[in-house]
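Okay, structure first, notes after.
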Protein chains: 2
Amino acid sequence: MINIKSEKCFDCTACNERSPLFHYLTKDELAIMNAGRFEVHFDAGETIVKQGTIANHIMVITSGIAKLFLEGIDRRNLILDLVLPWKLFGGPGLFNDMRYHYSVSALTATSACFIAADHVRQVIRSNPDFAESILRHCNKNSAANFDRLISLTQKQMPGRLADTLIYLTNDIFQKNRFTLPLSRLELGEMSNMTKESVTRILKEFEAEKIITVEGKTIEILNFEVLKEISVRG
Amino acid sequence: MINIKSEKCFDCTACNERSPLFHYLTKDELAIMNAGRFEVHFDAGETIVKQGTIANHIMVITSGIAKLFLEGIDRRNLILDLVLPWKLFGGPGLFNDMRYHYSVSALTATSACFIAADHVRQVIRSNPDFAESILRHCNKNSAANFDRLISLTQKQMPGRLADTLIYLTNDIFQKNRFTLPLSRLELGEMSNMTKESVTRILKEFEAEKIITVEGKTIEILNFEVLKEISVRG
DNA sequence: GCCATTAATTGTTTTAAATCAATTATTTTT
DNA sequence: AAAAATAATTGATTTAAAACAATTAATGGC
């Protein structure tokens, strides 16, 4: 469903080719990362990391797709990201309280690689380029969360759902037609609205010829109008 | 109004005593930070940094208090933090797009110290302890933003205002009775509600003997109930 | 100390979006 | 393939909170 480039991850040299964060690492540093590294397969729906547990590892997905979400009040979730292969996650507790601050669960069959947080720390200390790129990564996430804060608190439903559709088109699928690995409830958890409202707004967008919807397949017909709806709020 | 420990900032050796982030720095590194450093005084209401402009500096307030806020849609702001002396800010654009991702403006007469981003970068690269503490700082902010996302999207007004009052009590004033440097509108910008709603909920809390309100002075009478309201949502 | 301006309060109305309820489609399981 | 379970749609109702409007209080400038 998603364009996945690799099947298996044998050692961190592979990541060095695929994850931009690992470009800066020397052979020795890759060996440190690789020590104690392990890969685990998850079925769709399984939890990869659970919010609140001790953050001993940093993870990267090698195949499949996962959702990264906050567990909020009364079992209500807020999905922050869909996680594709080679995107590092699990960081926010690092050097801090050493706990995971979000949960991640597999949307499709997924393999994830677990790297010891201690080893990441060691390499951050030895390699300024790596430290800098980790900091850049952290800062990018902060900026994205600022945007999300504004979207979710100041825009009304069409604006919020437009933001979600734009994110899916640009950052996840990179094409105008895609089949979602998400339910209407989960679209709602990305856009802070109920599943019923998702249905209604999707229908509205369809009536305005901005998108077509057939079940879980969505096609963006008019990206510009979608952007306008996003900007207007 | 706020307990401010220092009057003037002569060089970064002073920060080494006051800002925990600077503890790890050697004499040479403090000298790097100090080069080109400058301090500016702001009257209440003045903008210290403006969202969207080029982030050439990292700032620290040496006296006074400021608000740090996102500029959202239709001139609507979202206040993220009140900034006290010795707390570093301006980081999120660092190594990233080199822009400020929020605005900061003085609530009282305020002095702020500007340190060149290049110099901070240089020291991050040379001192792993400093790099680690900056990363810790960044991760703490991420965690706080996750909490804020849940508070602002999933709690209703009493829960959100309770969160704001708890933040003011614990993190800013560190006592149960304080005089706000904020208007009702600004309390609303911290809690994502209108100024009218702030008035009403404060009155509600007062009727329930949780707080007393006399103009801008608030006293917390029952912190436990406030916490319950926060947890319940 | 008085006037002008801004901030806060209070009451009323409107509205966006949730909740509730019922039905229809899809998947999954057997 | 049929039955069961889950997901999606659709409509009606309720509700939290904004918007609007009017008054009162507080602040700042002269």
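Below, chains carry the letters A, B, ... as their sequence lines are ordered, and counting in each starts from 1.
- Here the P atom of nucleotide dA8(D) and the CD1 atom of I218(A) are 11 Å apart, to the nearest Å.
- With dA17(D), dA8(C), dA8(D) as the candidates, the nucleotide lying closest to the side chain of R184(B) is dA8(C).
- The nearest pair of heavy atoms linking C113(A) to R37(A) is SG-NH1, 3.3 Å.
- The nearest whole Å value for the distance from the CD atom in E189(A) to the C1' atom in dA7(D) is 14 Å.
- Every residue meeting the ring-ring contact (aromatic ring centres under 6.0 Å, His included) condition with H57(A), not counting sequence neighbours, appears here in chain and number order: F38(A), F114(A).
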N/O contacts under 3.5 Å, protein versus nucleotides 28-30 of chain C?
none

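- Comparing the end axes of the helix from dG1(C)-dC30(D) to dT30(C)-dA1(D), each fitted to five base pairs by superposing C1' atoms of four pairs onto the next four, gives an inter-axis angle of 50° (nearest 10 degrees).
- For the pairing with E219(B), the salt bridge (Lys or Arg N to Asp or Glu O under 4.0 Å) check across K209(B), K175(B), R177(B) returns one residue only, R177(B).
- Remark: side-chain polar atoms of S103(A) are paired, donor with acceptor, to backbone N or O of Q51(A) under 3.5 angstrom.
- Of the charged side-chain nitrogens involved, none lies within less than 4.0 Å of a carboxylate oxygen, so that D81(A) and K67(A) do not count as a salt-bridged pair.
- The NZ atom of K195(A) sits 11 Å away from the C1' atom of dT9(D) (whole-angstrom rounding).
- Among the atoms of the strands shown, only primed sugar atoms or phosphate atoms (P, OP1, OP2) are found under 4.0 Å from some heavy atom of K203(A).
- For K203(B), there are no side chain to side chain contact (heavy atoms under 4.5 Å, CB included) partners two or more places apart in sequence or in a different chain.
- Evaluated for a side-chain contact (heavy atoms from CB on, under 4.5 Å) with L82(B), the options L182(B), L180(B), L68(B) yield exactly one hit, L182(B).
- L180(A) has its CG atom 15 Å from the P atom of dA7(D), to the nearest Å.
- In terms of modelled atom types and a separation under 3.5 Å, the side chain of E186(B) and the main chain of S183(B) share a donor-acceptor contact.
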Could you encode protein contacts along nucleotides 18-30 of chain D as a string, one character per nucleotide from 5' to 3', using B for base contact, S for sugar-phosphate-only contact and - for no contact, with a heavy-atom cut-off of under 4.0 Å?
-> SBB----------
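- Under the ring-ring contact (aromatic ring centres under 6.0 Å, His included) criterion, F69(A) pairs with no residue, sequence neighbours left out.
- When each of K155(B), R148(B), R76(B) is paired with N192(B), the side-chain hydrogen bond (donor to acceptor under 3.5 Å, both in side chains) condition holds for R76(B) and for no other.
- The distance between atom CD of Q156(A) and atom P of dA18(C), rounded to the nearest whole Å, is 11 Å.
- If you take CG of L185(B) and C1' of dT6(C), they are 12 Å apart, rounded to a whole angstrom.
- The distance from atom CD of Q154(A) to atom C1' of dA16(C) is 16 Å, rounded to the nearest whole Å.
- Atom CD in E214(B) sits about 15 Å away from atom C1' in dA8(C), given to the nearest Å.
- Aromatic ring orientation, F178(A) versus F173(A): parallel (interplanar angle below 30°, classes split at 30° and 60°).
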